[in-house]
Amino acid sequence: MTRYSAFGLLTKALGGHAGWGRAWRDPAPKPSYDVIIIGGGGHGLASAYYLAKEHGITNVAVLEKGPIGLGNTGRNTTIVRSNYLLPENNHFYEWSLKLWEGLEQDLNFNVMMSQRGVLNLFHSDAQKHAAARRGNSMRLIGVDAELLDREQVRAMVPLLDFDNARFPVMGGLLQRRGGTARHDAVAWGFARAADRLGVDIIQHCEVTGIRREGGRVTGVETTRGPIAAGKVGMAVAGNTSRVAAMAGLRLPIESHVLQAFVTEGLKPLVDTVVTFGAGHFYISQSDKGGLVFGGDLDGYNSYAQRGTLQMVEHVFAAGVSMMPCLSRLRVLRQWGGVMDMTMDGSPLICRTPVEGLYLNGGWCYGGFKATPGSGWCFAHTIAKDEPHRLNASMTIERFRDGRLMDERGVGPWPWAQ
Amino acid sequence: MCAAEPRSPLSVVAVPAHPMIAELPSAIVDIAARRGRAGDLAAAIRAEFGLDLPPPGRFAASGDTTAVWIRPETWLVMAPRGAEGALARRLVETAAGAASVVDQSHGKTRVRLAGAAAPRVLAKGCRLDLHPAQFGPGQAAVTPMAQVGAVLLQRDATPAYELVVGSSYAVPFLEWLTDSAAEFAGTH
Amino acid sequence: MIELPRRPRLRTRKGGHVDRDRSLTFRFDGRAYQGHPGDTLASALLAAGVRIVGRSFKYHRPRGIYTAGPEEPNALAGIGTGARATPNSKVTTVELHDGLVARSQNRWPSLALDLMCVNSALSRFLPAGFYYKTFMWPAAFWEKVYEPAIRRAAGLGRASALPDPDHYEACHAHCDVLVVGSGVAGLAAARAAGEAGARVILAEQDFLAGGGLLCEPGQEAWRQEALAALAALPNVTTTLRTTVFGYYEQNMLGALERVADHLPVPPAHQPRQRYWTIRAGEVVLATGADERLIAFPGNDRPGVMLAGAARTYARRFGVLAGSRAVLFANNDEAYGTLAALAEAGAERVTVVDPRPLGPAAAAARRQGFEVLAGHEVTGGHGGRGIYSVEARAIGSAGAFQIDADLLCVSGGYGPAIQLASQSRTAMRWDDRIAAFVPGDAPGQRSAGGARGCFGIAAAARDGLAAGQAAASAAGFAAKAAFALPEGDDPDATVAPFWEVRARGKSFVDLQHDVTTADIRLAHREGYRHIEHAKRYTTHAMATDQGKTGGLVGAAVLAEARGETVAVVGMPTYRPYVSPVTWGAVAGHHRGRAFAPIRRTMLHDWHARRGAEFMEAGLWLRPAFYARPGEAPWDAILREGRAVRQAVGICDVSTLGKIDVQGSDAATFLDRLYTNTFSTLPVGKARYGLMLREDGMVMDDGTTSRLAPDHFFVTTTTANAGRVMEHMEFHAQTVWPELDVQFASVTDQWASMSVAGPEARRTLAKVIAGLDISDAGLPFMGVADATLAGCPVRVFRISFSGELAFEVATPAGYALAVWEAILAAGAEFGIEPYGVEALGLLRIEKGHVAGAELNGQTTMRDVGLGKMAKKGDFVGKVLAGRPGLTDPARPRLVGVRAVDRERQIRPGAHLVEPGSDRSLGWITSVTRSVEPGGWIGLAMLSGDADRHGQRLVAAFPLMNEAVEVEISSPHFVDPENARVRS
Amino acid sequence: MHRIDCPWCGPRDEAEFAYRGDATVRRPAHDAGIDAFYDYVYTRANPRGWHTEWWHHAGGCRQFVKVVRHTMTHEIAGTGKAGDSLPVPAE
Ligand SMILES: Cc1cc2nc3c(=O)[nH]c(=O)nc-3n(C[C@H](O)[C@H](O)[C@H](O)COP(=O)(O)OP(=O)(O)OC[C@H]3O[C@@H](n4cnc5c(N)ncnc54)[C@H](O)[C@@H]3O)c2cc1C
Ligand SMILES: NC(=O)c1ccc[n+]([C@@H]2O[C@H](COP(=O)([O-])OP(=O)(O)OC[C@H]3O[C@@H](n4cnc5c(N)ncnc54)[C@H](O)[C@@H]3O)[C@@H](O)[C@H]2O)c1
Ligand SMILES: Cc1cc2nc3c(=O)[nH]c(=O)nc-3n(C[C@H](O)[C@H](O)[C@H](O)COP(=O)(O)O)c2cc1C
Ligand SMILES: [Zn+2]
C-alpha cells in the first residue's frame with residue numbers, strides 16, 4: 001500500500017491519480033477469527049488497530065453493519081479534550097489526548113487534529129467553583145488547564161456577549177491542548193492502518209446473534225453467515241443495549257438522540273471551541289469553514305438519527321445569546337446521532353458476565369475524543385483478559401456497587417447526564 | 001385592618017403600557033379535591049357559588065367568580081380582589097374538608113388581553129391552536145407561553161383572553177406580551 | 001457620487017413580472033447599477049451585463065449565475081453592510097430593493113483578479129481528500145502553517161462580528177391542510193382544499209406566487225384568478241417569502257418567513273424574519289422539480305446556466321441572459337427555453353441534443369433553430385464568460401466550435417423531494433424521468449412536479465386531486481372543482497445523460513469544486529458507498545446541498561460501481577431545504593430575554609439600596625449592599641457582623657415553598673424524607689433531608705406542620721422545581737393510593753430572615769398577636785401573627801446560627817413588612833444582608849448548601865448520616881451500597897487558612913505538603929466574622945481523623961498553595977446555644 | 001416536535017412535557033434489597049421499537065402521562081394516565 005506523503009501526492013498527480021489503490025481492502029469474512037470486533041466506528045476500528053499493533057493479534061475482523069464510520073463517529077461535533085473532573089476519567093482521557101497528539105504520524109493519515117483550545121465558560125460563582133475544582137484536579141495530575149477571567153475571555157473570544165447577556169460571562173476554563181479533529185478521517189485512518197496490519201474490515205455485515213456455549217462466547221451470527229471467534233468485543237455505541245441483549249445482558253444504558261448542526265461555510269470566525277455555561281450550547285469552526293455546533297440531548301429514548309424542533313429552538317437561542325453576531329448566519333444542516341447513555345454519564349470498557357465477550361460502550365456524547373484511548377484500553381482488556389489501570393473502574397458492576405463516575409452529579413437520569 | 005394594599009409584582013420594575021393589555025387585581029385560590037371527595041366538593045361549590053366546577057379544558061363563571069380547571073380535580077378560583085384571604089376562607093368553609101385550599105392571590109398575576117389581534121399576539125409564544133373552531137369562549141388551558149407557565153382562558157369572542165402567571169414571572173411575561181403586541185398598538 | 005453604467009441593453013421591452021416604470025439603484029462590489037421592482041439581484045445583475053459574480057470554493061474559478069432560484073450553487077454574495085452584513089446570500093433569491101449593497105466573496109484582492117486562482121493551476125495536486133494524505137510533516141507545521149492556510153482559503157463569505165441589530169419572531173400556526181409551493185399544483189391544491197372548507201396555509205418561498213406559471217404568459221389569467229379565489233377564501237392563508245425548511249414529527253413543519261429582507265431595514269415593531277412552526281393535519285408537497293446539470297468540461301464557466309433559469313430570466317424578468325445561445329439538453333421540457341430566448345431577442349440559439357432526432361427537435365428545426373441531434377458539448381471556452389462552445393457528434397473525435405455567449409444546460413428534472421424524504425416517505429426510482437419520486441405517507445402527499453407529474457395541465461390536475469384528498473382526509477367534503485389550465489402534457493420521458501467524457505474538469509458540485517474525476521478517485525480508493533463518496537469528496541455538502549448536481553454525482557459513482565443509481569441511492573436528505581437564519585429560530589429568546597428573570601417583591605427596594613445583584617437560577621438576588629466607596633468584602637463583613645452582633649434582615653423569598661395537604665400528607669413526607677414528619681407536632685418545624693432513589697442527597701429544607709393534614713415544605717432555591725416533580729412522580733405513580741395534594745406557593749409568600757441577638761427585640765416592637773419570647777415561640781416553633789397590619793407567619797428557624805426568625809407574608813405585603821422591621825431595628829443597628837453574608841454565616845456555622853449537596857454526596861458524606869430513620873424512604877436502599885458507605889469517601893470538614901489573611905478558594909484541592917495527590921477539595925469559602933480570617937468547608941477523605949491536621953489548599957490554576965488547618969465544620973457555637981436563646 | 005395526547009389536556013407539543021423514562025419499571029418493596037433497587041433504578045430494556053414511557057406534563061396539568069412511542073419512528077400509538085395499562089402494538 002502506498003504511504004501517504006506530499007511526494008506521493010505529487011507523483012500520483014502526474015499519473016492522473018490513477019495509481020491510488022483502496023485505502024483498505026474489502027475481504028470476504030473468514031470462517032473464524034481470534035478476535036471479532038462488532039462495530040466499525042472509530043472505537044471498533046481503533047480497537048482492532050491496537051490489538052494488531054500493541055498486542056500482535058492480527059487475525060481480527062471488524063464487522064460493520066453498514067459502511068464504516070457512519071455511526072456516531074461520522075456525525076459528531078469533533079471536540080477532543082481531556083478536561084474531566086473525576087480522576088478515573090481524567091487519566092483515561094488524557095492518555096487518549098496523548099495518543100491523538102501523535103495519531104497522524106502513527107496512522108499515516110491526516111486526521112486534522114487541531115489543538116485550538118477548548119474554552120468552557122462559566123456564568124455564576126457555583127459554576128466558577130466547579131470549574132476551578134475540575135481545572136485544579138487536571139493540573140494536579142499534569143494535564144494543562146487555565147482559568148481565565150472575564151477580560152482574558154474577552155481577549156480570546158471577543159464575539160461573546162459581554163454587554164447584554166442574561167447570564168454574564170464571568171470567565172472560563174481553558175484547555176489549550178483541546179480542540180477538534182476531522183471525524184471521518186479518524187475512522188478512515190484507523191481502518192487503513194488496521195488493514196495494513198492484517199485486520200479484516202468487513203462492511204455490510206450486521207451481527208444478529210452472539211453464539212455461546214457453556215457461558216462462553218464462540219462466535220457471532222451475521223447477515224453474511226456465522227463467524228467463529230475466540231473473543232468478541234462490542235463497540236456499537238448507540239446500539240449497545242441491542243447487541244448486548246443478544247448475549248442476554250441487560251445494561252444500565254438508554255439510547256438517546258443528540259443533534260448537531262453546521263452553518264454555511266465562512267471565513268475564520270470562531271477560533272477556538274467554546275461551550276456556553278448558561279444553556280446547552282457549544283461551537284467550533286471546521287477547517288472547511290462551517291460552524292459546527294450542538295447542545296443537549298433531545299431527552300427521550302430514541303434510535304432515530306434525527307431529533308425534533310424542540311431542542312433546535314433551545315440550541316439556536318443559546319447560540320445567539322452567547323454570540324450575538326451568529327444571528328444573521330444561516331444554518332445549513334441538522335442531523336442526529338444515537339448515544340448510549342449510561343446512568344452516570346461515564347463509559348464502560350470491561351469484561352462482561354459472558355466469558356470472552358467484552359464491552360466498549362456507554363460513551364454518551366463524549367466518546368469521539370476517547371477514540372484512540374478507548375481502542376487502546378479495549379485492546380488491552382481483550383488481549384490480556386483484564387482491564388488496564390486506565391479503564392479499571394469502567395465496569396458494569398460500579399452501578400451495583402455504588403462506585404459511580406457521575407461527573408456532574410445529576411444522578412441516574414440519562415437524559416440529564 | 002391591613003396597613004398596606006398589596007403591591008402588584010408588576011410594580012417591581014416598570015413595564016410599558018399597551019392598550020390591549022390590563023392587569024386584573026384578583027383573589028386567586030387553588031382548590032384540590034381530597035381523595036374521593038370531588039363530588040362533595042362540586043356540590044358544595046355549586047351551592048355556595050352557583051357554578052359547576054368545570055371539566056378539563058374549560059372554565060366556569062358565576063357573577064364575578066371564575067373557576068378554571070388546572071389539574072385533575074384541581075381548580076383555580078378567581079374573583080376580584082377583596083379582603084385579604086377572604087376568598088380562601090370562604091372556600092375552606094365551603095369545602096368543609098372535601099378539598100385542600102391554597103391561597104394564591106399573591107402568587108399569581110392575572111392579566112387581560114383583548115382585541116382582534118390578540119390571537120396573533122399569542123401565536124408568538126403560545127403553541128395552542130386558538131382558531132375559533134378550536135378554542136373559544138369558555139375554554140381554558142394550562143400551557144407555557146414564551147417560557148412562562150400560564151393559565152389561558154378565553155372570556156369572550158372579542159376575542160378577550162385572560163392569562164394567569166406566577167407572580168415572579170409576571171414582569172418577563174408582560175415584557176414579552178407587550179413586545180409581541182407592539183405592532184398592533186394602534187389596531188386593537 | 002453614483003456613476004450609472006450604460007443603460008442596460010439586455011432587458012426586454014415588455015413582458016414578465018418586473019415593473020419597468022420604476023428603477024431601483026443598487027451596488028455590487030462598489031459599482032452602482034439599476035434594476036426594477038420584481039427583480040432579484042441576479043436578474044438585475046444579468047440585465048446589467050454582469051457575468052462573474054463569485055469565485056468557487058477550492059479552485060477560485062470565476063463563476064456566474066447558474067440558476068434562478070434557491071438551488072443556486074455559484075452566485076453567492078455578501079448582502080448589506082456593517083452589523084447587517086449577511087454572507088453567502090444566493091443572489092438568485094435576493095429581492096432587489098433600493099440601496100441594496102452586495103459584495104462578491106472568496107476572492108482576493110478582487111473578483112476579476114483573484115490570486116487564489118493559482119489553486120486552479122495546482123488543481124491536479126489537490127484532488128478530493130488530498131489533505132488527508134499530506135500536511136503531516138513536520139508535525140508542528142499543521143497548527144502553525146498548514147491549517148491556518150487551509151482555513152483562510154476555505155469558507156466562503158465573511159461574517160460580521162457585530163451583534164445583529166434586527167428582531168426575530170417565533171410563531172406557531174395550525175391548519176387542516178398545509179400546501180407547500182404555489183406552482184400550478186400548489187395553487188390548485190390549496191384552492192381545492194380551501195373551497196372544501198379546510199383551514200389551509202399555502203406557503204411559497206418566492207416573493208411571487210405561481211412557480212413555473214410565472215414563465216407562462218398564456219396562463220397568467222389563470223394564475224391571477226386562482227390567487228383572487230384564494231384571497232377571497234377566509235379560511236386560506238397564503239404566505240409568500242416563506243420557505244418550508246424541514247419536516248418533523250407528527251406533521252410539524254418548520255418554515256422561515258422573510259418579512260423584511262426586501263426592505264432596507266425592517267419597519268418599526270416588525271421582525272426581519274419569522275420562524276414558524278406549522279402543525280398540519282394534512283400536508284401537500286407541491287414543491288415542483290429541480291433541473292439538473294450535465295457534467296462536461298467547463299460546465300462551470302460564467303455564461304453556463306440551467307436551461308430553465310435562462311427561460312425564467314427571459315420570461316419572468318425580461319432579461320436576456322445571452323444573445324448567441326447554445327442549448328445542451330436531453331429532454332423535451334428544456335426546448336421551452338428556445339422560444340423564450342427567441343422572444344426575448346436572442347440572435348441565435350443552437351440546440352445540442354445527445355438524443356437522436358426526436359419530435360421536439362424536429363419541431364425546433366421547423367421553427368428555424370439549428371439542432372445538432374446526437375451531439376454533445378465537450379467544453380466551453382472563455383474565462384470571464386463563455387465565448388465559444390465546443391461540441392461533437394457522439395462517438396466522433398472531431399469537436400467543433402460554436403460561437404456563443406450563453407450555454408443553457410438541462411439534464412432533466414427531478415422532483416424536489418427533500419421534504420418528503422425527511423418525513424421518511426419511501427422513495428422509488430422512476431425510470432421514465434430518471435429520478436427518485438416520493439410515495440404518499442399518512443397525512444402527507446406530493447403533487448405536481450414534486451411527484452414527477454410534469455406539464456402544467458397534468459400538474460394542475462394532480463394538485464387538484466391532492467388538495468381534495470387532503471381536505472377529505474382532514475374531514476372536509478370536496479366541492480365541485482374549478483377550471484384548470486389546459487394544454488398538452490409534454491413527453492416527460494428522459495433517457496438519462498449524466499456526463500460527457502472528455503478532457504478537462506467536469507463538475508458535479510459547482511460550489512465545492514467536485515468533479516467527476518474526484519468521484520472516480522473516491523471510488524478507486526474504496527470510498528464506494530454514496531455516503532463515503534459524499535464525505536470524501538464533499539459532494540453535495542455545500543450550501544445548495546447538491547440540488548443541481550447531487551444525482552449526477554451519484555450516477556457517476558453508480559457507473560464506476562457498475563450499478564444503477566437506483567441502487568446507489570442519494571445521501572440522506574436532512575433539514576434544511578434552504579439554509580435557515582440562526583437568529584430567526586431563536587426568536588424572542590436572546591440577550592436579556594434568553595430566559596425569564598424572576599424578581600422578588602423587594603427587588604426595587606434592593607436596587608434602591610444599592611444592591612449588587614447575582615444570579616440564582618432564574619432569580620436575581622442581592623449579593624451585598626455596598627455603601628458608596630465600600631469594597632465588596634467590607635460590605636459583606638459589615639453585614640455578617642451585624643447579624644452576629646446585632647440584627648440583620650435578608651430577603652429569602654426565592655426559597656422553594658410547597659403546600660402539602662391531605663389525610664396522608666404525613667405518611668407521604670415520611671416516605672420522601674430521610675427523617676420523620678408524622679411525629680412533628682402542629683406548630684413546629686423540622687429540618688429535613690431528601691435523597692434521590694440512588695442514595696445521593698437531593699435537597700434539604702425545613703418543613704412545618706400547620707395542621708394535622710397540612711404541611712408547609714421549603715426547598716432550596718435551586719431545587720424547587722425538581723422537588724415538586726419528585727413529589728408528583730411519587731404521588732402519582734408510586735403511591736397513587738395516598739390522599740395528598742400539593743401546590744407551589746413560592747410566589748405566594750415573601751419571606752425574610754431576621755437574625756441576630758437583637759432579632760427578638762426588633763420584631764417584638766412591630767409584631768402583633770404573637771408572643772415571640774422563647775417560651776411563646778420556642779426554637780423551631782411556627783405561628784401566625786400580624787406585622788405592620790399585614791398577616792405574617794413566623795418561623796423560629798435559623799440558618800445563620802443566631803437567634804433568628806423567618807417572617808413570611810403574602811408577597812404583596814413584603815415591602816410594608818420589610819420596611820416596618822427595618823424601622824424597628826434601626827435603634828439596634830439593623831442591616832439588610834445579601835446572599836454573600838448569608839453564605840458567610842452558614843459556612844461559619846457549618847451548614848451545608850448547594851456546593852456540598854452537589855448531587856455527588858450522600859448524607860453520610862455531609863455529616864448528616866444520623867438523619868436516616870429506620871423505616872423506608874426514597875434512596876435508603878441504594879445509599880447502602882458498598883461504594884457509598886466506603887469509609888474512604890471524602891466527608892465534610894472545616895478548613896481555615898493558617899495565615900488568617902491568606903485567601904483560600906473554592907475548587908482548591910487538599911493535599912499533603914509536598915504531594916500532588918488530591919485528598920479532597922474545598923467546596924465553599926468566606927472571610928469570617930467570628931473565627932476571623934479565611935475559612936471554608938471541604939470534602940476530605942479521612943475526615944475526622946484529620947481534624948487538627950495541616951494540609952495544603954492547592955490551587956495550581958493560580959499557582960497558589962495555602963496552608964490550612966482541618967477542623968470540624970462548625971466554627972461557631974457548635975453547641976447550638978444561640979439559636980435557642 | 002412530538003405531539004402527545006395528554007389524557008386530560010388533549011394533544012400538546014413536546015415542548016410542554018419533560019421526558020421521565022421507562023414506565024415499565026416498578027419500585028420494589030423497601031426490603032427487596034440492593035439488587036432489586038439496582039434493577040429499578042439502573043437497568044433498562046431500552047428497546048428499539050415500542051417503548052412505554054413517562055412524559056411529565058410539566059407545562060400543563062403536571063400529570064405523569066404514560067405514552068407508548070416507537071423509538072425508531074417516533075410514532076405514538078397511545079397515551080394514558082399513570083394507572084392505565086396501554087396496549088403495545090406488535091412490531
Ligand atoms: C451529535 C453528536 C455530537 C457529538 N459530539 C462529540 C464531541 O464533540 N466530542 C466527543 O468526544 N464525542 C462526541 N460525540 C460522541 C461520539 O460521537 C461517540 O461517542 C463516538 O463517536 C462513539 O464511537 P463508536 O465508534 O463507539 O461508535 P459509532 O461510530 O457509532 O460506531 C458504532 C458502529 O457499530 C455499528 N453497529 C451497530 N450495531 C451493529 C451490529 N449489530 N452489527 C455490526 N455493526 C453494528 C454501527 O453501524 C456503527 O458504525 C457526539 C455524538 C453525536 C451524535
Ligand atoms: N419553468 C420551469 O422552469 C419549470 C420547471 C419545472 C417544472 N415546470 C413546470 O411547472 C409545472 C409543475 O408545477 P408545480 O406546481 O408542480 O411546480 P412549480 O415548480 O411550478 O412550483 C413549485 C413551487 O414550490 C415552491 N417551493 C418549492 N420548495 C418550497 C419550500 N420548501 N417552501 C416553500 N415553497 C417551496 C417553489 O418556489 C415554486 O414556486 C409543470 O408544468 C412543469 O412542467 C416548469
Ligand atoms: C464536523 C462536521 C461537519 C459537517 N459539515 C458539513 C457541511 O459542511 N456540509 C454538509 O452538508 N454537511 C456537513 N456535515 C453533516 C453531514 O453531511 C451529515 O449530515 C452528518 O455527518 C450525519 O450524517 P447523515 O446526515 O448522513 O445521517 C458535517 C458533519 C460533521 C460531523
Ligand atoms: Zn396535561
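The figures that follow rest on heavy atoms only: side chains count, while hydrogens, waters and symmetry mates do not. Proteins come first, then strands; the chains are lettered A, B, ... in the order of their sequence lines, and each starts at number 1.
For chain B, the nearby part of D:Gln63 is the side chain; its heavy atoms alone come within less than 4.5 Å.
Distance CZ/B:Arg127 to CD/D:Glu14: 9.0 Å, rounded to 0.5 Å.
Within 6.0 Å of the CZ atom in B:Arg120, the count of heavy atoms belonging to other residues, nucleotides or ligands does not exceed 12. More than 12 heavy atoms of other residues, nucleotides or ligands sit less than 6.0 Å from atom CZ of D:Arg3.
Closest heavy-atom contact between B:Pro144 and D:Gly59: CD-O, 3.4 Å. The nearest pair of heavy atoms linking B:Val142 to D:Arg12 is O-NH1, 2.7 Å.
The most heavy-atom pairs under 4.5 Å with chain D, out of B:Pro56, B:Pro72, B:Gly149, come from B:Pro72.
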